[in-house]
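These figures come from a predicted structure and were not determined experimentally. Both ligands and their constituent atoms are indexed starting at 1 by order of listing.
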Amino acid sequence: MDKKNLTLGEFIIENQDSFQYTSGELSRLLNGLRLAAKVVNHEVNKAGLVDIIGAAGDTNIQGENQQKLDVLANEKFIQTLSKREIVCGIASEEEDDFISINSFDKQHQNKYIVLIDPLDGSSNIDVNVSVGTIFSIYRRITPVGTPVAIEDFLQPGRNQVAAGYIIYGTSTMLVYTTGDGVNGFTLNPALGTFYLSHPNMEFPETGKIYSVNEGNYVHFPQGVKDYIKYCQEEEGDRPYTSRYIGSLVSDFHRNMIKGGIYMYPKSSKASNGKLRLLYECNPMAFLAEQAKGKASNGHQPIMEIEPTELHERVPFFCGSKKMVEKAEEFMNA
Ligand SMILES: O=P(O)(O)OC[C@H]1O[C@](O)(COP(=O)(O)O)[C@@H](O)[C@@H]1O
């Protein structure tokens with residue numbers, strides 16, 4: 001069968017053996033995410049017609065104004081994953097603390113941890129620019145039969161068993177890895193089915209796009225300023241093109257297809273940058289490395305950082321391998 005016609009469900013079954021644990025478990029997890037993605041996609045698409053645009057009126061633990069769609073997406077993913085009899089804990093950008101989920105037999109038999117950014121790029125929701133959902137999956141490290149604990153969530157990115165994102169853009173796609181390459185599936189809205197459209201996605205080794213909020217330029221470390229200047233110089237294949245959507249998922253997706261680097265550095269305004277290690281940087285780093293790209297905080301690989309808090313932030317440099325290495329050179333000069 002031509003791989004291109006494979007549905008996500010068929011692809012999961014066909015590739016179950018590449019998953020290091022009991023294969024059916026991953027299928028049920030990914031099917032849960034697939035289902036929630038379709039529900040959220042439906043809401044995002046009609047956002048302008050119903051009262052789910054704008055602020056929800058609350059702030060999350062990061063002090064950010066929660067958008068109505070942030071809250072809705074958060075509810076839909078938590079509801080759907082909680083019912084799958086496989087997830088023992090969920091942590092979300094929109095929840096102060098982690099959520100413990102017991103198995104139906106009340107014996108804490110579930111084995112998987114899901115960390116999620118239900119709606120990434122929320123500043124773009126009201127202006128109809130593409131947004132996304134980011135997920136990171138781990139196997140618990142505390143014993144089955146006991147309630148889930150914080151240490152199950154504070155695992156280094158290297159321990160991820162799966163990660164991915166859903167992009168709600170000109171088309172809706174689900175892109176994920178289980179440590180065996182990266183594959184992208186496009187939703188056929190008429191059928192409500194995801195089909196394999198982008199098999200074996202890989203970052204070009206280098207590229208000509210840099211993505212950073214240059215509005216923060218004066219606050220950036222000298223190394224970042226020097227790298228941005230390097231990108232703008234008239235020399236060789238430079239200057240590069242500046243492209244910044246303000247949605248990590250969308251900037252990452254474009255750079256993975258065309259070649260490029262995304263940066264959210266630390267600054268004098270934000271000593272650790274803005275992006276959250278556990279449910280933004282780690283999953284994108286797992287995808288980047290599986291797609292032959294690179295992800296670091298400017299000094300060490302993101303997935304080697306030992307987390308200490310649920311919502312901790314880290315500086316983030318991610319994309320085509322040679323471009324991230326060049327940025328690191330400037331950062332460590
Ligand atoms: O507006 P800024 O400071 O450039 O931040 C934009 C970045 O923040 C994010 O929106 C993450 O924050 P949210 O998850 O709260 O949307 C990224 O998607 C995006 O790249």
At a heavy-atom distance under 4.0 Å, which protein residues reach ligand 1? Sort them by chain and number, would you?
E64, E93, D117, D120, G121, S122, N213, Y244, G246, S247, L248, Y262, Y264, K274, L275, R276, E280

Among pairs that include at least one residue of residues 219-234, which meet salt bridge (Lys or Arg N to Asp or Glu O under 4.0 Å), considering only residues two or more places apart or in two chains?
E233-R238

Quick one: pull up CE in M201 and CE in M173 and give me the separation to the nearest 0.5 Å.
5.0 Å

Is there a ring-ring contact (aromatic ring centres under 6.0 Å, His included) between F252 and F203 once you walk through the steps?
CA-CA 10 Å; F252 178 98; F203 274 95; 5.3 Å; yes

Can I get a per-line list of side-chain donor-acceptor pairs under 3.5 Å for residues 163-172, giving both atom names and the distance, sequence neighbours left out?
unit_1, atom_1, unit_2, atom_2, d
Y165, OH, H253, ND1, 2.7
Y168, OH, T133, OG1, 2.8
T172, OG1, N41, OD1, 2.5

Among residues at least two apart in sequence or on other chains, which ones pass side chain to side chain donor-acceptor pair (under 3.5 Å) with E75?
none

Taking only Lys NZ, Arg NE, NH1 and NH2, and the carboxylate oxygens of Asp or Glu, determine whether E205 and K292 approach each other closer than 4.0 Å.
no

